[in-house]
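This is a predicted model, so every value here is computed, not measured.
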Amino acid sequence: METAGRENSALKQSNYLQTISPEQLVPGLVRKLPLEFLKKHVAIPIRLENGSVAIALSDPLNFEAYDSISGVLGMTCERVICPASEIEHAISRCFYQDSEPGDDAEDITGGDSPAGEDKFDAASFAPRAEDLLSIANKAPTVKLVNRILFQALQSRSSDIHIEPYEDDVKVRFRVDGVLHNVFALPKGQMSGLVSRLKIMANLNIAEQRLPQDGQSRVKIGKKVIDIRMSVIPTQGGERMMLRLLDKSNRKLGLDEIGFSSDLLESFKKLISLPHGIILLTGPTGSGKTTTLYATINQLNSEVRNILTVEDPIEYQLPGVGQMQVKPKIKLTFASCLRHILRQDPDVIMIGEIRDIETAEIAIQASLTGHLVLSTLHTNDSSSAVTRLIDMGVEPYLISSSVIAIMAQRLVRTICPDCRRPYQNKQQMELLGSGNFPPGFSGQLYKGQGCKYCLQTGYFGRTAIFELLTIDDEIRELILKRSSSHIIKQLAVKKGLKTLRDDGLQRVLAGETTLEEIIRVTQDNAQFCAEVS
């Protein structure tokens with residue numbers, strides 16, 4: 001009876017809090033409690049607007065957490081109910097984001113900081129004859145790595161660049177495809193920082209003359225982050241690049257990656273065909289892999305056998321057989337494809353066509369009744385034909401197997417918090433009246449810059465596309481080995497919407513800016529000539 005009465009009383013006295021603002025967090029108060037305890041019970045002490053201390057709980061009936069926190073703080077606290085995700089984010093902010101390298105904090109990579117270590121001191125990184133393994137596991141080094149990783153994740157970074165120079169070490173984050181200087185470190189910190197990251201990726205910390213590649217995994221709250229590391233020797237020291245992949249991200253569907261309604265309908269019809277090759281083209285970092293995964297998610301069902309060959313496997317897809325290329329044991333794209341064809345697949349995804357052997361096997365697979373999805377590194381859709389011919393693929397094989405080629409780029413979208421209208425007559429003249437969608441008022445938008453978008457005016461990215469479908473007329477040009485610009489001219493006459501056209505429609509819709517479209521499509525010679 002007492003337990004039931006306490007539960008009823010707790011429910012009546014609990015207030016609901018949707019979000020926890022930064023002003024309500026008191027890091028000094030939170031750090032009196034063990035991090036593991038707070039994460040286990042999803043609870044955190046906060047300060048309310050009236051100055052009183054409350055305990056935010058995801059479960060109002062968790063009396064163990066409430067009693068323990070109240071006992072440690074030595075005060076009677078109010079009780080508030082808050083979403084678990086908001087509490088976990090608040091815990092992370094208190095322990096990592098707001099902490100200085102010298103503050104006490106635990107290792108987000110899973111290891112505990114050695115007890116009794118001195119607080120952070122730049123002198124501890126001074127060059128001297130000391131075991132690299134010892135330096136890498138010292139508390140200041142561990143905390144420095146944790147802080148870099150956490151700050152990168154908080155700023156939505158896709159890559160971390162650690163660049164040693166003669167006098168200092170620069171750390172840069174790539175946010176929405178653009179690099180930003182974050183901070184500079186004393187050169188003496190480089191050996192410990194690199195060694196710690198190498199240990200996390202199981203690399204050889206003693207080898208400093210040769211390039212190395214590895215991977216690691218860290219966990220912050222419920223987020224699991226895969227880290228791909230690349231180390232190369234340079235004049236100033238070992239240069240590192242860390243690519244961050246959030247494994248907890250929700251997988252995108254075709255409806256969410258930026259297709260216009262008519263283009264989405266056309267692409268869905270193409271991927272529903274039983275056989276043929278569909279190629280995605282664009283430079284590195286243009287979102288080709290994301291589009292491939294979204295396509296596989298669209299096709300994935302119990303009635304289809306889908307197999308992939310990737311290097312590396314970015315995300316694991318339930319219900320899909322994924323093979324990792326391993327060149328060291330001669331498991332290449334071509335050898336994987338030969339074995340995959342014996343598995344009776346309906347859909348085959350090839351991470352990238354890199355050589356003629358892979359291209360010919362992919363073509364043979366499409367001609368024998370399989371739908372093949374793959375990528376090429378070309379500037380636009382029509383250039384993919386020239387690229388395959390340059391590899392040595394016969395034009396008749398290309399014309400009989402390839403059914404569509406789609407080029408894409410990623411453009412930054414305007415920050416919704418600092419989005420402002422503006423007018424520019426020169427830009428309006430460049431756009432041309434023929435491109436205006438129905439109901440367009442002539443109003444353009446841009447971001448002024450704020451703390452949420454790192455003063456850039458942009459927040460997040462979307463994709464622009466150029467879909468070239470291979471019909472009989474284009475097949476004739478391919479058979480004649482016509483150049484890519486001739487193929488492109490014919491496609492435009494037949495209604496092809498180029499990357500430029502799709503980008504301008506996003507400008508008119510208020511999603512991005514003309515400057516951004518110019519930046520990502522400047523390889524288009526005609527567009528550059530008009531802009532200049």
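- When all heavy atoms of K488 and S382 are compared, the closest pair comes out as CB-OG, 3.6 Å.
- Residues passing the side-chain contact (heavy atoms from CB on, under 4.5 Å) test with S266, sequence neighbours excluded: L467.
- Residues passing the salt bridge (charged side-chain N to carboxylate O under 4.0 Å, His left out) test with R419, sequence neighbours excluded: none.
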Assess whether side-chain contact (heavy atoms from CB on, under 4.5 Å) is satisfied between V218 and M200, documenting all intermediate values. CA-CA 9 Å; V218 299; M200 291 170 56; 3.9 Å; yes
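- Within the 3.5 Å criterion, the main-chain N or O of Q343 finds a donor-acceptor partner in the side chain of N305.
- Two residues are said to be in side-chain contact when any heavy atoms from C-beta on lie closer than 4.5 Å; T456 and V175 fail this criterion.
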Please assess L263 against K497 for the test side-chain contact (heavy atoms from CB on, under 4.5 Å), listing each intermediate value before the final yes or no. CA-CA 9 Å; L263 188 60; K497 182 187 287 187; over 6 Å; no
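- The line from SG of C82 to CD1 of I46 is 7.0 Å long, rounded to the nearest 0.5 Å.
- Contact record, I232 with P211: CG2-CB, 4.1 Å, taken as the closest heavy-atom pair.
- Screening residues 334-347 for salt bridge (charged side-chain N to carboxylate O under 4.0 Å, His left out) gives R338-E357 as the qualifying pairs, with residues at least two apart or on separate chains.
- A donor-acceptor pair under 3.5 Å links the side-chain atoms of E86 to the main chain of I20, judged by distance alone.
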Identify every side-chain donor-acceptor pair in residues 359-368 under 3.5 Å, counting partners at least two apart or on other chains, and give the distances.
from, atom 1, to, atom 2, distance (Å)
S366, OG, I363, O, 2.7
T368, OG1, Q364, O, 2.9
T368, OG1, A365, O, 3.0
T368, OG1, H370, ND1, 3.3

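- Listed by chain and number, the residues in a salt bridge (charged side-chain N to carboxylate O under 4.0 Å, His left out) with K268 are D255 (sequence neighbours excluded).
- Between L245 and R228, the closest side-chain pair of non-hydrogen atoms falls below 4.5 Å.
- Residues meeting the ring-ring contact (aromatic ring centres under 6.0 Å, His included) test with F267, sequence neighbours left out: F259.
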L337/T358 under side-chain contact (heavy atoms from CB on, under 4.5 Å): CA gap, chis, key distance, verdict: CA-CA 8 Å; L337 276 174; T358 304; 3.9 Å; yes
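- Going from atom OG1 of T378 over to atom CZ of R387 covers 9.0 Å, rounded to the nearest 0.5 Å.
- With respect to K269 and E265, a salt bridge is recorded, a charged nitrogen being found less than 4.0 Å from a carboxylate O.
- Counting all heavy atoms, side chain and backbone alike, G460 lies closest to D176 at N-OD2, 2.9 Å.
- In this structure, the separation between CG on L244 and CD1 on I227 is 6.0 Å, given to the nearest 0.5 Å.
- Between P283 and R409 the shortest side-chain heavy-atom distance falls below 4.5 Å.
- Each of T375, L373, L388 was checked for a side-chain contact (heavy atoms from CB on, under 4.5 Å) with L279, and the lone residue meeting it is L388.
- If you check the side chains of T513 and Y458, you find a donor sitting under 3.5 Å from an acceptor.
- Distance check: K39 NZ to I91 CD1 gives 8.5 Å after rounding to the nearest 0.5 Å.
- Contact of the R519 side chain with the V178 side chain is registered, since non-hydrogen atoms from C-beta on lie closer than 4.5 Å.
- Note on residues 276-301: no pairs pass salt bridge (charged side-chain N to carboxylate O under 4.0 Å, His left out), not counting sequence neighbours.
- The side-chain contact (heavy atoms from CB on, under 4.5 Å) search around D472 returns R475, not counting sequence neighbours.
- Minimum heavy-atom separation, A152 to I160: CB-CD1, 3.5 Å.
- From H161, atom NE2 reaches atom CZ of F173 across 10.5 Å, with rounding to the nearest 0.5 Å.
- The main-chain N or O of A84 is never found under 3.5 Å from a side-chain atom of S58 such that the two would form a donor-acceptor pair.
- Using a 4.5 Å heavy-atom threshold, the side chains of F465 and L264 count as separate.
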Before giving the answer on side-chain contact (heavy atoms from CB on, under 4.5 Å), spell out for V411 and R506 the whole-Å C-alpha distance, their side-chain angles and the decisive distance to 0.1 Å. CA-CA 10 Å; V411 296; R506 306 301 176 88; 5.6 Å; no
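- At least one donor-acceptor pair under 3.5 Å links the side chain of R304 to the backbone N or O of L299.
- When all heavy atoms of I464 and G503 are compared, the closest pair comes out as CG2-CA, 3.9 Å.
- V372 has its side chain out of reach of I278: every pair of non-hydrogen atoms, C-beta onward, lies at least 4.5 Å apart.
- D159 is linked by a salt bridge (charged side-chain N to carboxylate O under 4.0 Å, His left out) to R174, R243, counting only residues two or more places apart in sequence or in another chain.
- Here the closest heavy-atom approach between residue A90 and residue L25 is recorded as CB-CD2, 3.7 Å.
- Checking side-chain atoms of T413 against main-chain N and O of F459 turns up a donor-acceptor pair under 3.5 Å.
- Looking at heavy atoms from C-beta onward, P345 lies in side-chain contact with I340 at the 4.5 angstrom threshold.
- Atoms CD1 and CD, from I517 and E511 in turn, are 9.5 Å apart once rounded to the nearest 0.5 Å.
- Considering only residues two or more places apart in sequence or on other chains, D417 meets the side-chain contact (heavy atoms from CB on, under 4.5 Å) condition with C415, C450, Y452.
- Within the 3.5 Å criterion, the main-chain N or O of L499 finds no donor-acceptor partner in the side chain of D380.
- With sequence neighbours excluded, the residues forming a side-chain contact (heavy atoms from CB on, under 4.5 Å) with I478 are V385, P395, I398, S399, I470, I474, I487, listed by chain and number.
- Neither side chain, Q505 nor S260, offers a donor N or O lying under 3.5 Å from an acceptor on the other.
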Review item, side-chain donor-acceptor pairs of residues 307-314, under 3.5 Å, at least two apart:
from, atom 1, to, atom 2, distance (Å)
T308, OG1, E310, OE2, 2.7
E310, OE1, Y293, OH, 2.3
E310, OE2, Q322, NE2, 2.9
D311, OD1, Q324, NE2, 3.2

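- Using a 4.5 Å cut-off on side-chain heavy atoms (C-beta onward), H89 and Q154 make contact.
- At distances below 3.5 Å, at least one donor-acceptor pair connects side-chain atoms of E466 with backbone N or O atoms of S381.
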